[in-house]
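Notes to accompany the following structure.
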Amino acid sequence: MARERLYLFDTTLRDGAQTNGVDFTLADKLAIASMLDDLGIDYVEGGYPGANPTDTELFGKDRGFGTTFTAFGMTRRPGRSASNDPGLAALLEAKSDAICLVAKSWDYHVKVALETTEEENLASIRESVRAAKAKGREVLLDCEHFFDGYKAKPKFALACAKAAYDEGARWVVLCDTNGGTLPDEIESIVREVVKIIPGDHVGIHAHNDTEQAVANSLAAVRAGARQIQGTLNGLGERCGNANLVSIIPTLKLKPEFAERFDIGISEAALKKLAHVSHALDERLNRAPNRHAPYVGESAFATKAGIHASAIMKDPATYEHVAPEMIGNRRKVLVSEQAGKSNVLAELERVGIKVDKDDPRIGRLLEVVKEREAIGYAYEAADASFELLARRTLAKVPNYFDVTQFDVNVEQRNNAKGQRVTVTMAVVKVKVGDDNMISAAEGNGPVNALDLALRKDLGKYQKYIAGLKLTDYRVRILNSGTEAVTRVLIESEDEQGERWTTVGVSPNIIDASFQALMDSIIFKLVKSGAPA
Ligand SMILES: [Zn+2]
């Protein structure tokens, strides 16, 4: 049986740009659009030309994407003609392959927000679609508040959708703008719509206000819709939009959809999905959600010993899909309750070959337990675990020694009489027979120490040049009689690979120092730096 084509429409750069705290530059938008293009997304909505300078510039020239690059804007305002509306004119002038127009489809909004008549709203839809078609663009109409509108006055909501379709809009997109509609309602309403407009011209645009935007999108597909709109990582205002990063693997890997539909994402592209999701977080300077379905660091992480031994025998026993399919990886957590099988699985994953009856495994397990009892968290710090394992198996060279460090924090008045806090660190390092002293100022003691430590490692400097610290998390733990500080540091290298290291001490600088050292040594090991 031939599979039907299902289209994906990404609005990260338009609706996703409404997210609190997100502000895309032109460079961000171009980089994200090209990432989406590479992935194989059919439509990429770039923004709202005319509404702000960035989007106007983005659509100021042909960007040459393979995807259908789409500009967003409003239908003509009530009481104006299509040719006499500056907003619509800017949209028609934009260099885009498609135009996505938005119009009201809820009678209440037409009356209260637009203060116009239903007939005038329908005329605005017809004339705006016609004007965009006349410019040779593919046209989509977003029916704003469609589901609430349908519940209030089905005839009018359907008339708005039908008006666009009859004028030749390629897609009529049903929007759950307030995000409160539930999957069964979405499914039954879309079933009614596709009796009037063929499903291969109907799209769904769901918001996540009841945590069901993904379920709502899939419900619409079950009912006959053939375009899904969403964003990377579910970005979007309030609770976000439908998360394409969850929808894509569901469509590709779950038989209900995979057997019925083709999407523009190849198997090879699917393997890049975890990377795409993390790359967006990186650009937004956010720590990726560890618990994100399919792509999160914990999505295929297992803790209990009994599960770990079963996973080693057959991964399918505890995994709903294979993590490699979306570019993620299996992770067996090493923790206080870890059994020997956990440690073995983790060693295998990090590529350390060791016989399963090697007595050193038992010793490693003892060390892990002892250290976790005083506050180390190896399940969160994979790189520190790997180093500990390599050290226990006597496989880490002694690259360098820090013979002394000194961190000084001073608060004083500067020459302008302003109160300032100045931090400086000095580190003495011994590499082979060379002694080096480095000093650095930082915006805090840990930052200064980090900068001084990485400033000059002699012959090892070239291996750590691309290393940077991307996240720093501190917790105070009450272990035994005294409070200790646990520091987790996330680092990244020039290839975008990330790892986490841990340090524990009653002194926060000492804990940070341990985690920083582990990170640097881990990078040297990973880069194959000679001893
Ligand atoms: Zn929206």
Does any non-hydrogen side-chain atom of [Y] lie less than 4.5 Å from one of [X]?
X      : Y      : result
Ser505 : Thr485 : no
Val245 : Thr231 : no
Ile489 : Thr500 : no
Glu319 : Arg330 : yes
Leu253 : Met325 : yes
Met424 : Val407 : no
Asp401 : Val429 : no
Arg5   : Phe261 : no

Please tell me whether Phe405 and Phe513 form a close aromatic pair, meaning their ring centres lie under 6.0 Å apart. yes

Aromatic contact, Phe69 with Phe59 (centres under 6.0 Å): yes

Report the C-alpha separation of Glu256 and Arg260 in whole Å, then their side-chain angles, then the decisive distance to 0.1 Å, and conclude whether the salt bridge (Lys or Arg N to Asp or Glu O under 4.0 Å) test is met. CA-CA 7 Å; Glu256 178 194 350; Arg260 285 184 62 197; 5.4 Å; no

Apply side-chain hydrogen bond (donor to acceptor under 3.5 Å, both in side chains) to residues Thr11 and Glu45 and explain how you reach the verdict. CA-CA 5 Å; Thr11 182; Glu45 191 169 58; 2.7 Å; yes

How long is the gap from [atom1] on [X] to [atom2] on [Y], to the nearest 0.5 Å?
X      : Y      : atom1 : atom2 : value
Glu410 : Asn408 : CD    : CG    : 6.0 Å
Leu273 : Ile326 : CG    : CD1   : 7.5 Å
Asn20  : Glu237 : CG    : CD    : 9.5 Å
Ile464 : Leu524 : CD1   : CG    : 6.5 Å
Asp262 : Ile265 : CG    : CD1   : 12.0 Å
Asp382 : Thr501 : CG    : OG1   : 9.0 Å

If the threshold is 4.0 Å, N to carboxylate O, is there a salt bridge linking Glu494 and Lys523? yes

Should the pair Lys271-Glu267 be classified as a salt bridge under the 4.0 Å nitrogen-to-oxygen rule? no

Where do Arg498 and Glu297 land on the salt bridge (Lys or Arg N to Asp or Glu O under 4.0 Å) test, with the steps shown first? CA-CA 11 Å; Arg498 284 164 179 262; Glu297 210 186 311; over 6 Å; no

Listed once per pair and sorted, the side-chain hydrogen bond (donor to acceptor under 3.5 Å, both in side chains) pairs that draw on residues 23-37, sequence neighbours left out: Thr25-Asp28, Asp28-Arg283, Lys29-Asp55

Full working for side-chain hydrogen bond (donor to acceptor under 3.5 Å, both in side chains) between Ser277 and Tyr294: CA-CA 10 Å; Ser277 167; Tyr294 294 106; over 6 Å; no

Between Asp97 and Arg63, does the salt bridge (Lys or Arg N to Asp or Glu O under 4.0 Å) criterion hold? Intermediate values first, please. CA-CA 10 Å; Asp97 307 307; Arg63 300 293 177 178; over 6 Å; no

When the side chains of residues 431-452 are checked against the rest of the protein, which donor-acceptor pairs come out under 3.5 Å, sequence neighbours left out?
from   : atom 1 : to     : atom 2 : distance (Å)
Asn447 : OD1    : Asn443 : N      : 2.9
Asp450 : OD1    : Arg454 : NE     : 2.8
Asp450 : OD2    : Arg454 : NH2    : 2.9

For [X], is the [atom1] atom crowded, meaning more than 12 foreign heavy atoms sit under 6.0 Å from it?
X      : atom1 : result
Asn413 : CG    : yes
Glu324 : CD    : yes
Lys356 : NZ    : no
Gln418 : CD    : yes

Minimum heavy-atom separation for [X] to [Y], with atom names?
X      : Y      : answer
Gly16  : Phe24  : C-CE1, 4.5 Å
Phe300 : Arg329 : CB-O, 3.7 Å
Asn328 : Ala299 : ND2-CB, 3.9 Å
Leu387 : Phe522 : CD1-N, 4.0 Å
Thr56  : Ala51  : OG1-N, 4.5 Å
Tyr463 : Ser527 : CD2-CB, 3.7 Å

Kindly say whether Glu490 contributes a backbone atom to a donor-acceptor pair with the side chain of Thr470 at under 3.5 angstrom? yes

Taking Ile228's backbone N and O only, do any of them form a donor-acceptor pair with Ser217's side chain (distance below 3.5 Å, no angle check)? no

Could you walk me through whether Leu477 and Ile374 pass side chain to side chain contact (heavy atoms under 4.5 Å, CB included), step by step? CA-CA 9 Å; Leu477 308 167; Ile374 57 170; over 6 Å; no

If you look only at pairs with a residue in residues 467-478, which of them pass as a salt bridge (charged side-chain N to carboxylate O under 4.0 Å, His left out), with sequence neighbours excluded? Glu282-Lys468, Lys468-Glu492, Asp471-Arg473

Show your reasoning for whether side chain to side chain contact (heavy atoms under 4.5 Å, CB included) applies to Leu280 and Leu284. CA-CA 6 Å; Leu280 179 72; Leu284 296 172; 4.0 Å; yes

May I have the step-by-step check of side chain to side chain contact (heavy atoms under 4.5 Å, CB included) for Thr54 and Leu58, ending in yes or no? CA-CA 6 Å; Thr54 305; Leu58 178 66; 5.6 Å; no

Is the Lys NZ or Arg CZ of Arg14 less than 6.0 Å from the centre of Phe72's six-membered ring, within 45° of the axis? yes

Quick check with a 6.0 Å cut-off and a 45 degree axis cone: is Arg371 positioned over the face of Tyr376's six-membered ring? yes

Evaluate the side-chain hydrogen bond (donor to acceptor under 3.5 Å, both in side chains) criterion for residues His205 and Asp15: first the C-alpha distance (whole Å), next the side-chain angles of each, then the deciding distance (0.1 Å), finally the verdict. CA-CA 10 Å; His205 177 109; Asp15 227 0; 2.9 Å; yes

Would you sort out whether Asp406 and Lys428 count as a salt bridge (Lys or Arg N to Asp or Glu O under 4.0 Å), showing the intermediate values? CA-CA 9 Å; Asp406 175 48; Lys428 289 185 188 171; over 6 Å; no

Verdict with supporting geometry, Val44 and Thr68, side chain to side chain contact (heavy atoms under 4.5 Å, CB included): CA-CA 6 Å; Val44 172; Thr68 304; over 6 Å; no

Taking the inter-plane angle between the rings of Tyr43 and Tyr7 on a 0 to 90° scale, is it parallel (under 30°), tilted (30 to 60°) or perpendicular (over 60°)? perpendicular

Let me see the working for Gln212 and Asn216 under side-chain hydrogen bond (donor to acceptor under 3.5 Å, both in side chains), right down to the final yes or no. CA-CA 6 Å; Gln212 296 187 90; Asn216 281 344; 5.9 Å; no

